[in-house]
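A short write-up of the structure that comes next.
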Amino acid sequence: MTASSNSRSPAGRYGPVIAILIAVLVPVLAKDFLVFQATQWMVYAIAIMGLNILVGINGQLSLGHGAFYALGAYTVAILMDGYGMSYGWALPIAALITFAAGFAFGLPALRLEGIYLALATFTLAIALPQILKLSVLDPWTGGVQGISIAKPEAPAFLPLNADQWLYVLTLAITCLVYWLARNLIGSRTGRALMAVKDNALAARTMGINVALYKTLAFSVSACFTGIAGALSAIVVQYVSPDSFSFYLSVAILVGLVVGGVGWLPGAFLGAAFILFVPNIAEGVSKGLSGAVYGVLLIALIVLRPGGSAGFGAAWRGLLSRTGRTTRQISLSQEKETGS
């Protein structure tokens with residue numbers, strides 16, 4: 001399917017616009033709890049997009065992105081609660097700090113590949129919650145008790161409550177992150193990242209600075225995930241070391257696999273899976289919720305090995321056929337008119 005056929009089909013032209021309109025109407029039509037869940041869904045989608053940059057685009061495996069998620073959350077919490085900073089300033093500072101942390105970790109990790117890199121990031125995810133509990137850091141992190149954050153109110157000129165405002169803010173940041181990720185993947189930098197993933201030796205032969213691009217992928221990935229963590233802290237209004245266990249890193253990775261490695265829109269489907277499927281599993285059996293969740297995950301992997309990317313391919317094929325059918329009808333009408 002060509003890009004032109006997708007853009008010419010009605011679904012290809014108006015699909016994103018319709019999706020944004022529906023998203024904008026959610027805080028107006030839905031109840032506060034559903035608005036809160038939709039906000040959390042977008043937060044997880046941002047984190048999965050960040051991991052996708054590293055794993056799907058650059059080919060580096062990470063089991064520790066929950067640590068960057070936690071770093072972004074704690075940065076915002078400390079700045080807002082300890083220093084009285086507004087979230088408008090705290091969010092970009094959290095993004096910068098997690099970007100720097102990703103660079104600092106990615107640089108020495110250049111010597112590691114595959115399972116060894118995964119083990120290094122696994123160690124990061126295990127160690128950070130324990131570090132946050134250290135008594136020497138209590139004045140900043142709150143120790144095991146964590147930090148509570150006041151929920152920011154909507155600007156005075158907007159007729160929205162706090163939950164609705166956080167939804168709109170998260171929606172705007174999600175659209176921005178998706179736009180940045182999509183443009184990064186389609187740029188020369190994105191093609192260099194994919195070349196390193198396909199064959200690092202060949203990429204180096206072509207003049208690509210492999211070390212630089214691998215570190216850049218880690219930095220951008222950590223930044224996106226840190227933004228997600230920062231938003232989560234504001235939405236939930238609380239952070240504690242136990243909120244960022246190794247399970248969080250696993251959940252983000254599961255969302256990536258379910259959504260489709262390397263397929264950016266799949267982040268939203270993967271986020272829906274890790275947010276809603278555990279609740280569905282608990283509804284089926286509270287005592288065996290983990291087993292039900294595992295069965296559903298295995299069934300999805302067996303039936304659709306490529307994750308939701310397979311559904312995306314089917315959707316693109318449908319758009320292509322719709323576009324061809326529309327053009328054929330138009331040509332037939334033109335011939336009849338001409339005759």
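One-based numbering along the sequence shown.
Distance check, rounded to the nearest 0.5 Å: CG of Leu193 to CG of Leu184 gives 6.0 Å. In this structure, Leu107 CG and Lys214 NZ are separated by 12.5 Å, a value rounded to the nearest 0.5 Å. We find the CG-OG distance between Leu128 and Ser245 to be 11.5 Å, quoted to the nearest 0.5 Å. Atom CD1 of Ile173 and atom CG of Leu231 lie 4.5 Å apart (nearest 0.5 Å). The structure places CD1 of Ile78 at 9.0 Å from CH2 of Trp140, a figure rounded to the nearest 0.5 Å. With rounding to the nearest 0.5 angstrom, the CG atom of Asn58 is 9.5 Å from the CD1 atom of Ile53.
When atom types are taken as modelled, the side chain of Arg191 and the backbone of Gly186 share a donor-acceptor pair closer than 3.5 angstrom. Between the side chain of Asp81 and the backbone N or O of Ile149, no donor-acceptor pair lies under 3.5 Å. Between the side chain of Ser249 and the backbone N or O of Gly66 there is at least one donor-acceptor pair closer than 3.5 Å. At distances below 3.5 Å, at least one donor-acceptor pair connects side-chain atoms of Ser219 with backbone N or O atoms of Phe103. Put simply, the side chain of Gln145 never gets that close to the backbone of Gly142: no donor and acceptor are under 3.5 Å apart. With hydrogens and angles ignored, the 3.5 Å screen pairs a side-chain donor or acceptor of Lys197 with a backbone N or O of Gly56. Without hydrogens or angle criteria, Thr174 side chain to Thr170 main chain gives a donor-acceptor distance under 3.5 Å. Remark: side-chain polar atoms of Ser240 are not paired, donor with acceptor, to backbone N or O of Gly146 under 3.5 angstrom. Here the side chain of Thr225 pairs no donor or acceptor atom with the backbone of Ala222 at under 3.5 angstrom. Using a distance-only test at 3.5 Å, with no hydrogens or angles considered, no donor-acceptor pair links the side chain of Ser232 to the main chain of Ala228.
The side-chain heavy atoms of Phe105 and Leu124, taken from C-beta on, include a pair separated by under 4.5 Å. Side-chain contact between Phe218 and Phe68 is present, with heavy atoms from C-beta onward closer than 4.5 Å. The shortest side-chain heavy-atom distance between Gln60 and Leu117 falls under the 4.5 Å cut-off. Proximity of Leu264 to Met49: side-chain heavy atoms (C-beta onward) are separated by under 4.5 Å at one or more points. Counting heavy atoms from C-beta on, the side chains of Val258 and Leu269 never come closer than 4.5 Å. In this structure the side chain of Leu91 reaches within 4.5 angstrom of the side chain of Ile234, judged on heavy atoms. Between Tyr213 and Ile208, the closest side-chain pair of non-hydrogen atoms falls below 4.5 Å. Proximity of Leu180 to Phe224: side-chain heavy atoms (C-beta onward) are separated by under 4.5 Å at one or more points.
The aromatic rings of Tyr69 and Phe244 sit tilted relative to each other, their planes meeting at an angle between 30° and 60°.
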Test side chain to side chain contact (heavy atoms under 4.5 Å, CB included) on Ile48 and Ile274; report intermediate values, then the result. CA-CA 11 Å; Ile48 294 171; Ile274 63 176; 4.2 Å; yes

Audit row: Gln40, Val236, side chain to side chain contact (heavy atoms under 4.5 Å, CB included) steps and yes/no: CA-CA 9 Å; Gln40 278 292 94; Val236 178; 4.1 Å; yes

Report the C-alpha separation of Ile46 and Tyr178 in whole Å, then their side-chain angles, then the decisive distance to 0.1 Å, and conclude whether the side chain to side chain contact (heavy atoms under 4.5 Å, CB included) test is met. CA-CA 8 Å; Ile46 294 173; Tyr178 183 85; over 6 Å; no

Before giving the answer on side chain to side chain contact (heavy atoms under 4.5 Å, CB included), spell out for Thr98 and Thr75 the whole-Å C-alpha distance, their side-chain angles and the decisive distance to 0.1 Å. CA-CA 9 Å; Thr98 49; Thr75 300; 5.6 Å; no

Where do His65 and Ser221 land on the side-chain hydrogen bond (donor to acceptor under 3.5 Å, both in side chains) test, with the steps shown first? CA-CA 9 Å; His65 261 50; Ser221 178; 2.5 Å; yes

Can you list the steps and then say if Tyr74 with Thr141 is a side-chain hydrogen bond (donor to acceptor under 3.5 Å, both in side chains)? CA-CA 7 Å; Tyr74 264 92; Thr141 65; 5.6 Å; no

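Two different hydrophobic clusters hold Val144 and Val136 under the rule that ILVMFWY side chains link at heavy-atom gaps under 4.5 Å. With hydrophobic clusters built from ILVMFWY side chains whose heavy atoms lie under 4.5 angstrom apart, Leu169 shares a cluster with Leu176. With hydrophobic clusters built from ILVMFWY side chains whose heavy atoms lie under 4.5 angstrom apart, Tyr247 does not share a cluster with Leu63. In this structure, Tyr167 is a member of the same hydrophobic cluster as Leu158, with clusters built from ILVMFWY side-chain heavy atoms closer than 4.5 Å. Taking hydrophobic clusters as Ile, Leu, Val, Met, Phe, Trp and Tyr residues chained together by side-chain heavy-atom distances below 4.5 Å, Leu112 does not share a cluster with Leu201.
For the pairing with Phe273, the ring-ring contact (aromatic ring centres under 6.0 Å, His included) check across Phe268, Trp41, Tyr44, Tyr293 returns one residue only, Tyr293. Looking at Asn183, Thr189, Ile185 one by one, the single match for side-chain contact (heavy atoms from CB on, under 4.5 Å) with Ser187 turns out to be Thr189.
Taking every heavy atom of both residues into account, Gly143 and Pro241 meet most closely at O-CD, 3.4 Å. Across Ala101 and Leu71, no two heavy atoms sit closer than the pair CB-CD2, 3.5 Å. Of all heavy-atom pairs spanning Cys223 and Ala95, the tightest one is SG-O, 3.5 Å. Taking every heavy atom of both residues into account, Ala162 and Pro152 meet most closely at CB-O, 3.6 Å. The shortest non-hydrogen separation linking Ala271 to Ala45 is CB-N, 3.5 Å. Between Phe246 and Ile126 the shortest heavy-atom distance is CB-CD1, 3.7 Å.
Phe276 CZ: more than 12 foreign heavy atoms inside a 6.0 Å radius.
Note on Lys133 versus Asp138: no salt bridge recorded, every NZ/NE/NH1/NH2 to OD/OE distance being 4.0 Å or above.
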